[in-house]
Every structure is written in structure tokens, then in C-alpha cells.
Amino acid sequence: MKLDKDGFSRVIAATPLVSIDLIVRNARGEVLLGYRRNRPAQNCWFVPGGRIRKNEASQDALRRIAQAELGVALDDGRLLGVFDHFYEDNYFGMAELSTHYVVIAMECELPAGSSLRADEQHDELRWWPVDALLASTEVHENSKRYFRDTRDNGFRCAARPR
């Protein structure tokens with residue numbers, strides 16, 4: 001089911017959106033980023049990703065998102081963590097409507113011999129060494145969080161020490 005602009009903007013206003021971000025690495029350990037055309041995070045380098053649809057299993061969403069955004073088949077990944085992404089803007093650019101994503105970050109390896117293609121959401125795709133993406137002012141902060149070794153870079157659930 002696809003919502004019209006009014007319906008989807010009501011969802012954005014009332015709930016967090018659930019998505020999967022793909023942390024795709026090549027054999028050199030570089031990370032794939034796309035230069036985003038759409039909001040939020042427009043005009044920034046960002047990892048590929050997308051929303052999970054209603055009644056879509058997360059594994060099916062991972063496959064669909066990889067195929068749609070990169071033109072490759074990715075069948076599995078390693079859970080990196082669950083992250084909150086907060087944006088002051090929204091897909092439609094409507095004033096005073098912020099966006100909250102709950103993001104399942106999945107780390108994936110690009111299958112050997114794969115050929116990538118950018119979709120309509122990205123001007124281009126580029127491989128980045130991790131140290132370069134962390135140093136760049138063009139890479140969105142939410143993508144940088146996946147590569148920082150800090151206790152607050154993702155969701156943690158553990159018992160409190162006694």
C-alpha cells in the first residue's frame with residue numbers, strides 16, 4: 001500500500017519510520033556511500049538504505065533495498081546495531097515537520113564481480129575509506145555514527161551491573 005502525500009506526512013508527524021541502512025564494504029574494507037538527492041539528508045553522502053514496508057519481512061526489505069538502490073542482490077548481513085536518526089526536515093520539505101527513523105544497520109559484503117548502479121535517489125555512488133568518511137564534512141553525521149567506536153553509537157540492551 002502506498003500512501004498519498006497527506007497520509008504519509010501524517011505518519012511522519014505521528015510515528016517513527018523503521019528502515020534498514022546498508023553498510024556495504026568491498027574487499028579493501030572501503031564503505032559505499034551515495035550522494036543523496038532527496039530529503040532528509042539531501043546533498044550529503046550517506047549509506048544506502050530505505051524504509052521497511054508494512055508486512056514486509058526485514059530480510060525481504062534488505063534484498064529489495066539493495067536491488068533498488070544499488071542494483072545488486074544482497075541476501076544477508078550482520079546486524080551492526082539499531083540507531084535513532086532525527087531530522088529537522090522531511091521527505092516533502094514541509095515546514096515544521098521533523099522526521100524520526102529507527103534504523104536497523106546491517107553490514108554487508110559486496111559479492112565478488114558485482115556491478116553497482118545508482119538509483120534516482122543518488123547522483124553517484126562512491127567507495128570511501130572509513131578514515132576519509134569520518135573526516136569529511138560532506139558525509140552526514142548519521143552515517144558517520146556507524147563507524148565510531150563509542151558506547152552510544154547504537155542501541156544496547158544489557159542488565160545493569162550490580
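- Under a hydrophobic clustering in which Ile, Leu, Val, Met, Phe, Trp and Tyr are joined whenever their side-chain heavy atoms come within less than 4.5 Å, directly or via other members, L79 and V18 fall into the same cluster.
- Applying the ring pair (Phe, Tyr, Trp, His ring centres under 6.0 Å) rule to pairs touching residues 23-43 yields Y35-W45, sequence neighbours excluded.
- No side-chain heavy atom of L110 sits under 4.5 Å from any side-chain heavy atom of L32.
- F86 and M94 fall into different hydrophobic clusters, defined by Ile, Leu, Val, Met, Phe, Trp and Tyr side-chain heavy atoms under 4.5 Å apart, directly or through other members.
- Here N55 contributes atom CG and R53 contributes atom CZ; the two are 12.0 Å apart, rounded to the nearest 0.5 Å.
- Side-chain contact between V103 and H85: present, with at least one pair of heavy atoms (C-beta onward) separated by less than 4.5 Å.
- Nearest heavy-atom pair across C108 and L22 is SG-CD2, 4.3 Å.
- When side chains are defined from C-beta on, D84 counts as touching H100, because their heavy atoms get closer than 4.5 Å.
- In this structure, the separation between CG on D119 and CD1 on I65 is 11.0 Å, given to the nearest 0.5 Å.
- When every heavy atom of G34 is checked against every heavy atom of L125, the shortest pair comes out as CA-CD2, 3.8 Å.
- A side-chain hydrogen bond (donor to acceptor under 3.5 Å, both in side chains) check over residues 9-20, counting only residues at least two apart or in different chains, returns the pairs D6-R10.
- Between H140 and Y87, the angle of the ring planes lies from 30° to 60°, which puts this pair in the tilted group.
- At least one side-chain heavy atom of L62 sits under 4.5 Å from a side-chain heavy atom of M106.
- Of the possible donor and acceptor atoms, one in the side chain of T99 sits under 3.5 Å from a partner among the backbone N and O of D89.
- In this structure, the separation between CZ on F92 and NZ on K5 is 6.5 Å, given to the nearest 0.5 Å.
- Using a 4.5 Å heavy-atom cutoff, the side chains of F147 and D131 are not in contact.
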Step by step, would you call R25 with E109 a salt bridge (charged side-chain N to carboxylate O under 4.0 Å, His left out)? CA-CA 5 Å; R25 293 183 184 265; E109 286 191 35; over 6 Å; no

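- When hydrophobic clusters are built by joining Ile, Leu, Val, Met, Phe, Trp and Tyr residues whose side-chain heavy atoms come closer than 4.5 Å, directly or via intermediates, V24 is not grouped with L80.
- Taking the side chain as every heavy atom from C-beta outward, V102 and L17 never approach each other to under 4.5 Å.
- Screening L116, L33, L133 for a side chain to side chain contact (heavy atoms under 4.5 Å, CB included) involving W127 leaves a single residue, L116.
- In this structure, I52 and A61 approach most closely via the heavy-atom pair CG1-CB, 3.9 Å.
- The two residues I12 and S98 come nearest to each other via the heavy atoms CG2-O, 3.3 Å.
- Looking only at atom types and distance, the side chain of E30 has a donor-acceptor partner in the side chain of N26 under 3.5 Å away.
- A donor-acceptor contact closer than 3.5 angstrom links the side chains of D21 and Y146.
- A salt bridge links R64 to E56: at least one charged side-chain nitrogen sits closer than 4.0 Å to a carboxylate oxygen.
- One finds a salt bridge joining E141 and R148 here, because a Lys/Arg side-chain nitrogen approaches an Asp/Glu carboxylate oxygen to under 4.0 Å.
- Remark: E96 CD is loosely packed, at most 12 non-hydrogen atoms of other residues, nucleotides or ligands lying under 6.0 Å away.
- Looking at heavy atoms from C-beta onward, R36 lies out of side-chain contact with Q42 at the 4.5 angstrom threshold.
- With values rounded to the nearest 0.5 angstrom, E69 atom CD is found 4.5 Å from H122 atom NE2.
- L134 is not listed as a side-chain neighbour of W128, based on a closest heavy-atom distance of 4.5 Å or more.
- Scanning all heavy atoms of the two residues, the minimum distance from V139 to K144 falls at O-CE, 3.4 Å.
- I20 and V72 fall within a single hydrophobic cluster, where Ile, Leu, Val, Met, Phe, Trp and Tyr side chains are chained together by heavy-atom contacts under 4.5 Å.
- L74 approaches R63 most closely through the heavy-atom pair O-CG, 3.2 Å.
- Between F8 and Y91, the ring-plane angle classifies as perpendicular under the 30° and 60° cut-offs.
- A donor-acceptor distance shorter than 3.5 angstrom exists from the side chain of R37 to the backbone of E120, with no hydrogens or angles considered.
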